[in-house]
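Encoded as structure tokens, the structure appears first; notes follow it.
Convention: sequence-line order gives letters A, B, ...; per-chain numbering from 1.
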Amino acid sequence: MQILMIHSDGLEFESKKPATKEREEEKSGKYGECIVVFTSVEKGDLKNKKEIIAQTVEEIKQYSSNVGCEDVVIYPYAHLSNELETPNGAMKVLDLMCDILDKTELNIERVPFGWYKSFSLSCKGHELSELSRRIRAGDGRVSTENVALSAEEKTKSEFCIMNPDGEIDELKESGAKTPLNVLIKYETKKDRTANEEPPHIKLMQKLELVDREPGSDAGNMRWYPKGTMIKRLLEKKVEKLVKKAGAMEVETPEIYDYAHPCLEEYLERFPARQYRVMSGEKPYFMRFAACFGQFLIARDAQISYKHLPIKYYELAHSSYRREKRGELAGLRRLRGFTMPDMHTFVKDLDQGLEEMSSQFSLSMEWMESLDVPYEAAMRVQKDFFEENKEFYKQIAKKLGRPMLLELFDERYAYFITKFEFNVLDTQGKAAALSTVQIDVENAERFEINYVDKDGKKKLPYILHASLSGSIDRNLYALLEEAAAKSRRGEKPSLPFWLCPTQIRLLPLSSEYVDKCSELAKELTGIGFRADIDDREEGLGKKIREGEKEWVPLILVIGEKEVEAEKYPIRVRNGEDFSADMKELIEIMTKMQENEPQRSLPLPERMSLRSKFRG
RNA sequence: GCCACCGUAGCUUAGCCUGGUAUAGCGGCUGAUUCGUAAUCAGCAGAUCGGGGGUUCAAAUCCCCCCGGUGGCUCCA
């Protein structure tokens, strides 16, 4: 049961047309001063009607005595919940509840169930005039939410383009189909339809990287060895970047108390998005980001202005968001995902902007490693933009190409400015990867402060940064880019440093397997991933399968090679060549580009590998 | 939440409209083959046709319900 109580000067309503099959009698009405109880009967309430109704009646009585008004109007209102009871069930619960309310000193009026209604309501607007309650069976407690601020103020945004020279252009209506234009279209148009599944889903399964896990909830994946390896490499790379930025790594819990004062308020901004877990009788929620854990650390820390900026980093593996079913899409949007999350505490906005600028560079470095085209979007409150125009010009220059600029007049979230890097997939959908935001709200909410020069406690600003964005989504971006390549007629591939097999050695017959082992050992010794296709198959088939696995380099060994110590190398994306070991290592080192390394995720000999998926 | 489409061996899939317990390839296993840059040959095993109910002498096939997947939409008492 979800209720919203408004202490009002008057309510007037009129039934317009039927909304549900089962409904009460049509009715219109007008009341003077009263408490309007907007009520959503939720799934399961009928089953637990006794407890639910008793609690709800208590809440209404309490509120009535608090505001000193005994006239109550029960208004069936579906929009407070997205898990509704059936109409019949809901009416039953409402009937029972009104029966009980009738026996109290309150005067009960009812608005009919099952109609589209027009209404006008005037809210008194004093401190107690709005109150929302959620009543759940077995909770043993009632959670409170003050809805006053969630009035959904629609902020107005202006979109424009900022060029590298700092000049600002208006959005052009049509224009060429450049990636930036696709992003603009995505941001400004409502239509986001696609009618086929994104290609990365089939790819992640075929390549045996990731798969859905039927034994879990939707949006929670299983990662096979090759996928896990890619994930770990990406994680290692982010870690390298945040360490470069000077962050300290921490680890924080995955479940949090609903009733914690700081968190309660925070949660209001993310309604009904969490997984709930019970610890005995007490409900907790799974974290949907690593913010809380790090904020709670900062809250207890003794911080001097001399320490700032301070950075905490955590690889939030995992974070959980109970996204609506229809919103889930492969690796693009999940319910359980991995989020590298860094928070920077700074003493003032100048220091904040300085940090934002250097984190912008690190994010660019990330995207470069990924080798996936991206577009930048900068969002900022209008006044703030005017005051800091120079800063934004510098950022635009750093990017070196036009970026989308959104100016909003009212702050709709906790940040005053932020940027993201978006990738555009083959369906023209945008997905944000790297992002940095300057938070001007949560230091106060979480009581995080530092001691300044003058000995006084002050509130820092907080930068939320995910230099990479969700790791899962990065793999989505990589696979979508590969799909885009094949659509352009190129061979799909991954960046060399992320290929599960970087070079495959093919013995022409079983007598050359030993030679392959020898070479593999040499390559593995300096950190490359080399494997050997020692299966009893024809050369043609082995080549074919190597190509199907997107292996970037394939080396065949037969009699000639053993004698000459020079090897023919088949290159997936480029010209085949021939080289001895020294030259080969040089070339591979160049391809590796100093990115993180990790050993082979599967047995070196293919004859020992099991299939994960047929 | 709602709508649409889908659900046949580990994977891909024929059959479904016009009812008679199922087709093939890959993969797996066994044997033969020791091979020069995208599929060597033969044999064997493998499916209560997503689950449940109904109609029928008979259901993968027709009807109903449920579950799962994919995509889309959405705030309606």
What pairs of donor and acceptor atoms, side-chain ones from residues 581-590 of chain A against any protein atom, are under 3.5 angstrom apart with sequence neighbours left out?
from	atom 1	to	atom 2	distance (Å)
A/Glu583	OE1	A/Asp580	N	3.0
A/Thr589	OG1	A/Ile585	O	2.6

Distance between [atom1] atoms of [N] and [M] (Å, rounded):
| N | M | atom1 | value |
| --- | --- | --- | --- |
| B/C41 | B/G27 | P | 10 Å |
| B/G68 | B/C29 | P | 35 Å |
| B/A14 | B/G50 | P | 13 Å |

Just call it for [X]: base, sugar-phosphate, or nothing, with non-hydrogen atoms closer than 4.0 Å on any strand.
| X | result |
| --- | --- |
| A/Tyr116 | sugar-phosphate |
| A/Lys542 | nothing |
| A/Leu328 | sugar-phosphate |

Strand RNA chain B in bracket notation, Watson-Crick/G-U under 3.5 Å with | for pairs to another chain: ((((((((.[[[..)....(...]]].(((((.......))))).....[[[[[..)....]]]]])))))))....
Of all pairs that satisfy ring pair (Phe, Tyr, Trp, His ring centres under 6.0 Å), the ones with a partner from residues 541-570 of chain A, not counting sequence neighbours: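 Applying ring pair (Phe, Tyr, Trp, His ring centres under 6.0 Å) to every pair that reaches into residues 541-570 of chain A, excluding sequence neighbours, yields nothing.
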Non-neighbouring partners of A/Ser122 that pass side chain to side chain contact (heavy atoms under 4.5 Å, CB included), sequence neighbours left out: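 For A/Ser122 the side chain to side chain contact (heavy atoms under 4.5 Å, CB included) partners, ignoring immediate neighbours, are A/Asp9.
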Residue list, side chain to side chain contact (heavy atoms under 4.5 Å, CB included) with A/Pro373, at least two apart or on another chain: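 By the side chain to side chain contact (heavy atoms under 4.5 Å, CB included) rule, A/Pro373 matches A/Glu481.
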All side-chain hydrogen bond (donor to acceptor under 3.5 Å, both in side chains) counterparts of A/Glu24, not counting sequence neighbours: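 A/Glu24: side-chain hydrogen bond (donor to acceptor under 3.5 Å, both in side chains) contacts with A/Arg110.
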N/O donor-acceptor pair, side chain A/Glu536 with base B/G31, under 3.5 angstrom: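 No such pair is found, so the answer is no.
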